[in-house]
Amino acid sequence: MGTTTLQIKQIRCEYRDNPIGIGCRKPRFSWQLASDAPGTLQTAYRIQAAESPEGLAAGTYTWDTGEVQSDQSVLVEYEGNELKADRRYWYQVRVWDNYGGDSGWSDARFWEMGLLAPDDWEAAWITPDPSAIDAAAEEAFLLRREFAVGAAPKRAMLYATSLGFYELELNGRRVGDWQYTPGWTSYRHRLQVQAYDVTAQLAGGSPNVIGATLSNGWYSGDLGWGGARNHYGAVRALLLQLRIEYADGSVETVVSDANWRASTGQVRMAEIYHGETYDARLEQEGWSRPGFEDGAWSPVATIDYPKTILVMQENEPSRVTEKLKPLALLTTPAGETVLDMGQNMVGRLHMKLNLPAGTELTLTHAEVLDREGNFYVANLRKAKQQVRYVCKGGEEEYESQFSFYGFRYVKIEGWPTDVPLNEERFAGHVIHTDMEPAGSFECSHPLLNKLQSNIVWGQRGNFLDVPTDCPQRDERLGWTGDAQVFVRTAAFNYGVAPFFAKWLRDLKADQRADGGVPFVVPHILSDTSFSSAAWGDAAVICPWTIYQCYGDKRVLEEQYESMRGWVDYIRAQGDDELLWNTGFHFGDWLGLDAKEGSYVGATPTDLIATCFYAYSTGLFVKAAQVLGQEEDVRTYGALYERIAEAFLREFITPSGRLAAHTQTGHVLPLMFELVDGPVRERLARTLAKYVEDQKHHLTTGFVGTPYLCHVLTDNGYHELAVKLVQQEEYPSWLYSVNQGATTIWEHWDGLKPDGSFWSEDMNSFNHYAYGAIGDWLYRAVAGLDMEETEPGYKRILFRPRPDSGLEYAKAAYESAYGTIRSEWRIVPDGTVRYEFEIPANATAVVLLRGATAQSAEVNGLQLSQADTRIPGVQVAEEENGTLRLELGSGRYQVKAGLGSSAAQTVVSTS
Ligand code: RAM
């Protein structure tokens, strides 16, 4: 019974299509199946790889798996001949399914290996000769090299990295569109190299020129709120290698070496926090083109700097991903001229000018206006976020190269009074790591949709190469706690596996020998800025979450020692090995129950620390199980049991009362399953009471907030979670939405009801932590979730909650298997219409509360009569008032009754 519909939809190598510059020696391959037949599963696959498309056709394979009986279609690891550096490989995939279908061979795609070892480098690190140019000064410097290219180059690959930021030009044109290269890693241990295919940009049979501009960036710029700079070194330098292959097989290499020339230029200052000073009159026309006279330029010096730390680029690059038009040009009550971008964004302002030479413009960037509507920068602390631009005259265009700004408003100063200021000359260029969009959530409540948008913008603004706390003030650091609370939400909105895999390698690199984890990764704070509970736990929670969401076992393998190191670290703290009751902790950071003048919420830090100790140990045991580390499963499994017992002994009275009277205190043991039976019920009841006592307001901070609604929903108090999320009064998520927020705020009361600010000291309007509620919207309300045992959405769990006070909700998610969709809508007859989409080679469990088989229809067929004869429906049964379906791939429309509680909670939003 063969079918002809089976096809391969997309194939990927290391999460990307036709990637270049791959640095791992065993890349992994994923593909998606497409088939009309419901319940399609892959039964076998075959992958072939060769050094050319002809090689694939002729059968000269570097790898041929043969037909492998397996349903694995995600992240299949390369096991062929050893892969060579700087080489392109082609591959194709073929699959078979449970209907006897044969996809035939997919189109051939390629991947390209980057440089893999220090020996692959002939280039030297170069920097301007120190007697001529100070490579540690504020201003950027330029490097150039002219070289001849023979006729007909066939392939030209350029590899580059730097100490500091670099941007390259080749023959007068920018190389690539990547921003802030080489990205930020734990530079002492790891420095990324970017690969560029410049074949099309090279001029055959003539002189060519490579030019590079270098600024301070994360390497040597101002970083951290203490005003410290040169965290990794003071001297900027470039490492570059261009390999040109000709049609006759010969190869030529151009490298950074003593033959380059150096100059200073038009970028007088460039700093991440402070912005850029650019004097267009100092531009040297044609400097990166052949024929430019560089006699006045200085020589360069080569320096010793290790090449053992080089790694190929691991995550997607940062790019301009969107261009926003200004919403308005304002004149504030104080008379300031201010552009309003309409969105708190991260990136920079692009401008087209035609002003007299020598005109000096100052652009200052801010997130908010104050109560009077005037420009406000106090919350930026020491960050200047300022562009100073001196015009050369005539039509000119500019945007910063080496700085990024967190802003909605831009104050413009220095505009000549006799020239009209036209807002069409400006555009906001949005920049972040160019992650692949993955999910969407929408519902019938407009304010919740705005909240979802704010969460996504929070992610865009703060996933700029590393997961930062905020993008605007003198901070912008990879705070581990923030990343940990947001990772699951992040993985719904975008594909974040490469992004986190990279960052976790930096976490591991910066982890101390005793297992301690820095507050921020990459680590640039003091030697004591390590190991707070819920912050350091990022070492365990993030890899586990990435494994869950992508089925990416390699992240677990790579991080395994780091995960265990963190658990061992905690074990060595505390008065005994089962409690963590010593050391410094951020606690329930910014919890509203904090004492006056404190940032630390009222929940005892030893309770928080011990809960996370248990949680991380439990997750580590699961990781050990996945990786077959039996001894660790035993040892840490037993440790986990003992921590859980110690927790109960220490924090729960014999009658089942928790010794911490806060919302967060109750949230954690419930979320981490440290209590069950009557104790669980009691804690949930008490938590519900606390929420009701607060008239449906939360008091939680960074630690409790992400879990609060999950815990309520999972313990029979979904209606309270709904009330919290739909609460519009302060403090609540929708309070900020009603205050005009376009991103997530650091504080519930960043902007108070009277228009005043919480504080000047620490008041970011783009801090994603509280955006962690996004995970609850996707998983609890729309019900798009997964079974933990088959990660990466191989087995999907649909658990929609039409009793969410909404008329409809829908979520879609691009998984490794393909599109997953979960939608529900309450129709006027009081029934619910659900829609589910399950990609091929995945299956799903559907749990519909309050529905019965008798009253349910699937794809127009009465379930009770047709049950398993409905195509794709494998099981239909009722369990404790819940209808449970098991479905194969396909699209399903389900009509079912609505439990009585749900009918009552529907809120009309029309
Ligand atoms: C602040 C950061 C961050 C938080 C730490 C504890 O400085 O902005 O969000 O994790 O403090």
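Ligands are counted one by one from 1 in listed order, and the atoms in each one are counted from 1 as well.
- Considering only residues two or more places apart in sequence or on other chains, N230 meets the side chain to side chain donor-acceptor pair (under 3.5 Å) condition with none of them.
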For this session: Kindly determine whether T664 and D588 satisfy side-chain hydrogen bond (donor to acceptor under 3.5 Å, both in side chains), including the steps that lead there.
Result: CA-CA 7 Å; T664 293; D588 189 21; 2.6 Å; yes
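- Residues lining ligand 1 at a heavy-atom distance below 4.0 Å are given as D469, R473, E475, W479, D482, W535, F586, W589, F702, E746, H767, ordered by chain and residue number.
- Remark: R188 pairs with Y232 by the side-chain contact (heavy atoms from CB on, under 4.5 Å) rule, at least two apart or across chains.
- Salt-bridge check for D465 with K502: passed, with a basic side-chain N closer than 4.0 Å to an acidic carboxylate O.
- Taking the six-membered ring where the residue is Trp, W535 and F702 present parallel rings, their angle staying beneath 30° rather than reaching 60°.
- Take W457 and apply the ring-ring contact (aromatic ring centres under 6.0 Å, His included) test, not counting sequence neighbours, and it matches no residue.
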